[in-house]
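Counting starts at 1 for both ligands and their atoms, in listed order. Because only heavy atoms are used, hydrogens play no part in the values below, and waters and symmetry mates are left out as well, while side chains stay in.
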Amino acid sequence: MIDPARKMDLLVSLAKRRGFIYPGSEIYGGFANSWDYGPYGSELKKNIKDAWWTRFVTGRADVVGVETPIIMNPRAWEASGHLETFSDPLVDCKKCKKRFRADHLLEEAGRDVKGLDMTGIACPDCGGELTDIRHFNLMFKTFIGVTEDDKNTAYMRPETAGGMFVAWKNVRDSLHRRLPLGVAQIGKAFRNEITPGNYIFRTREFDQMEIEYFVKPADAPAAFDAWLNEMKRWCEDVLKLDPKNVEYVEISEEERAFYSARTVDVEYKYPFGQKELYGLANRTDYDLSKHQEFSKENLTYLDPDTNERFIPFVIEPTWGLDRTVLAVLIEHLDIDEASTSEGDKEPRMVLRLPPRLAPVKAAVLPLQKKEDLVTIAESLASDLRSAGIAAEYDASASIGKRYRRQDEIGTPWCITVDQDSLQDQAVTIRDRDTMEQERVAVSDVRGWIEERLTS
Ligand code: ATP
């Protein structure tokens with residue numbers, strides 16, 4: 001067990017040391033709140049994306065995928081209300097000049113956020129007086145073409161959802177599918193956050209995995225419940241988050257967006273507090289109605305059974321990818337004890353990642369750097385890679401150091417090739433979590449791993 005107060009520091013340092021996450025633009029002195037995903041971090045992120053896509057898009061008959069641009073026609077953001085209302089309430093401390101989100105200060109004080117009544121709230125850092133609230137639009141502006149004027153102003157999308165609503169008409173017309181029909185997308189979103197921070201939790205550019213699930217209005221409540229259950233299953237079965245670290249918070253009518261008929265925030269107990277990991281909303285027919293009004297295109301659906309024409313309701317489950325990476329790393333980072341070669345016990349840091357998400361599935365380690373052992377190990381690693389199993393070959397340093405490195409990057413299985421392997425054509429597979437060892441024939445290793453990856 002790791003003291004929660006130390007967990008973030010341990011994670012940030014491990015993630016940099018082992019190639020998961022580095023500070024962005026570091027050789028130029030850094031760039032606040034930007035992060036590079038290193039070789040293992042990008043692999044972990046990709047494995048999460050793949051698991052999500054397989055589960056919710058290719059694995060289902062009622063969801064299809066799209067990929068829409070980051071920069072869309074600005075009219076789309078006018079229609080969705082983002083241009084006018086996608087803002088955060090901002091206050092500055094008159095004394096220490098620090099900047100805060102008014103809603104966060106109210107939340108921390110246990111006060112009602114609705115109405116943004118800041119009476120009696122002072123700067124949490126120095127007690128200084130706060131300025132009046134200003135509303136700050138979070139969308140990044142950019143210019144298309146050579147002239148920087150209002151006519152050429154465009155916006156970087158603050159969420160991927162907009163693209164799915166705008167593409168709805170084409171998806172509807174090209175597929176002729178019946179409702180319910182979900183449209184899914186994974187991609188970057190950009191928000192000029194006032195208070196970025198907490199490592200990769202709140203950044204100005206991040207990835208979202210979103211589904212707009214179009215349903216008949218009467219089916220919306222049941223679809224909402226079904227997606228809530230799907231989100232729970234995802235957290236428990238895929239990410240292996242302990243259910244006691246995840247809260248499903250029903251958002252009251254006063255606090256949710258005016259168009260939402262129901263919202264549940266999925267919150268994770270990060271070391272810096274319980275915060276939003278995902279969201280689920282019944283957005284009614286708000287988005288399509290707005291886009292229909294602004295685009296003047298018919299965005300309705302004709303029910304083939306009843307001949308009724310209506311604007312579908314939308315259930316929107318949304319998953320932040322970077323917040324998922326952070327929750328997964330935090331959840332599975334652990335320190336236990338391992339035996340040294342002298343038989344003493346020493347602390348061992350280990351990332352107990354679910355095997356399917358681990359960046360490296362198997363490390364093949366010759367016990368000594370002897371040519372015949374090296375040959376078997378290299379060829380085993382290469383066979384595993386050819387079979388689509390991310391495998392590393394490592395012959396550097398002592399076996400203890402190599403185990404430690406693999407434990408810290410979360411590799412579930414270390415395979416050692418020793419002198420006996422030359423006789424019995426077998427290797428020893430060490431389990432990352434139990435540290436138990438099993439002798440397996442070289443020819444069976446691939447099947448042994450595949451069986452465990454799919455179970
Ligand atoms: P918050 O209240 O934390 O600002 P939000 O309610 O504005 O979040 P949504 O608009 O619901 O967030 O965005 C959907 C998801 O996108 C969130 O649940 C979160 O996982 C992710 N997300 C939103 N903003 C950020 C950010 N600045 N950095 C990383 N992930 C983010």
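- Residue Glu316 places every heavy atom at 4.0 Å or more from ligand 1.
- Among protein heavy atoms, the minimum distance from atom 10 (O) of ligand 1 is reached at Arg191 NH2, 2.9 Å.
- Counting atoms of ligand 1 from 1 in the listed order, those under 4.0 Å from a heavy atom of Gly320 are 20 (O), 21 (C).
- Relative orientation of the Tyr270 and Phe272 rings is parallel, given thresholds of 30° and 60° on the angle between their planes.
- At under 3.5 Å, a nitrogen or oxygen of Leu277, whether backbone or side chain, sits near a nitrogen or oxygen of ligand 1.
- Within a 6.0 Å sphere centred on CG of Asp132, heavy atoms belonging to other residues, nucleotides or ligands number 12 at most.
- Judged by the shortest distance from any of its heavy atoms, Glu159 lies outside the 4.0 Å radius around the atoms of ligand 1.
- Only the side chain of Arg323 comes within contact range of ligand 1, with a heavy atom under 4.0 Å; no backbone atom does.
- Any N or O atom pair closer than 3.5 Å counts here, and Trp319 shares no such pair with ligand 1.
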- Task: Begin from the C-alpha positions of Tyr199 and Trp35 and carry the test ring-ring contact (aromatic ring centres under 6.0 Å, His included) through to its verdict.
- Result: CA-CA 8 Å; Tyr199 198 32; Trp35 303 94; 4.8 Å; yes

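- Considering backbone and side-chain atoms alike, Glu210 places every N or O at 3.5 Å or more from each N or O of ligand 1.
- Neither the backbone nor the side chain of Lys275 comes within 4.0 Å of ligand 1, counting heavy atoms alone.
- A donor-acceptor pair under 3.5 Å is formed between the side chain of Arg402 and the backbone N or O of Ser396.
- Listed for the Arg348 side chain is no donor-acceptor partner under 3.5 Å among the backbone atoms of Asp334.
- Scanning the protein heavy atoms around atom 2 (O) of ligand 1, the nearest turns out to be Glu276 OE1, 4.0 Å.
- Between Phe258 and Tyr286, the ring center distance clears the sub-6.0 Å criterion.
- Ion pairing of Lys7 with Asp3 is absent here, as no side-chain N (NZ or NE/NH1/NH2) approaches a carboxylate O to less than 4.0 Å.
- Not a single heavy atom of Asp322 lies less than 4.0 angstrom from ligand 1.
- For the pair Lys232 and Asp237, the salt-bridge criterion is not met [side-chain N within less than 4.0 Å of a carboxylate O].
- Taking every non-hydrogen atom of Tyr278 and a distance limit under 4.0 Å, the qualifying atoms of ligand 1 come out as 18 (O).
- One finds a salt bridge joining Asp303 and Lys216 here, because a Lys/Arg side-chain nitrogen approaches an Asp/Glu carboxylate oxygen to under 4.0 Å.
- Looking at Thr203 next to ligand 1, an N or O pair under 3.5 Å apart turns up.
- Contacts between Glu267 and ligand 1, counted as non-hydrogen atom pairs separated by less than 4.0 Å, are absent for every part of the residue.
- Where the criterion is an N or O separation shorter than 3.5 Å, residue side chain and backbone included, Phe206 fails it with respect to ligand 1.
- Among all non-hydrogen protein atoms, the one lying nearest atom 4 (O) of ligand 1 is Arg202 NH1, 2.7 Å.
- Short contacts between ligand 1 and Glu193, defined as distances under 4.0 Å to a heavy atom of the residue, involve ligand atoms 24 (N), 26 (C), 27 (N).
- Here Phe140 and Tyr155 keep their ring centres 6.0 angstrom or further from each other.
- A perpendicular orientation is assigned to the rings of Trp319 and Trp52, their planes being inclined by more than 60° (bins at 30° and 60°).
- Every atom of ligand 1 is numbered from 1 in the order shown, and the set under 4.0 Å from a heavy atom of Phe201 is 28 (N), 29 (C), 30 (N).
- Residue Phe214 is tested with Phe310, Phe313, Tyr301, Trp168 for a ring pair (Phe, Tyr, Trp, His ring centres under 6.0 Å); the sole match is Trp168.
- Atom 16 (O) of ligand 1 has its closest protein heavy atom at Gln208 NE2, 3.1 Å.
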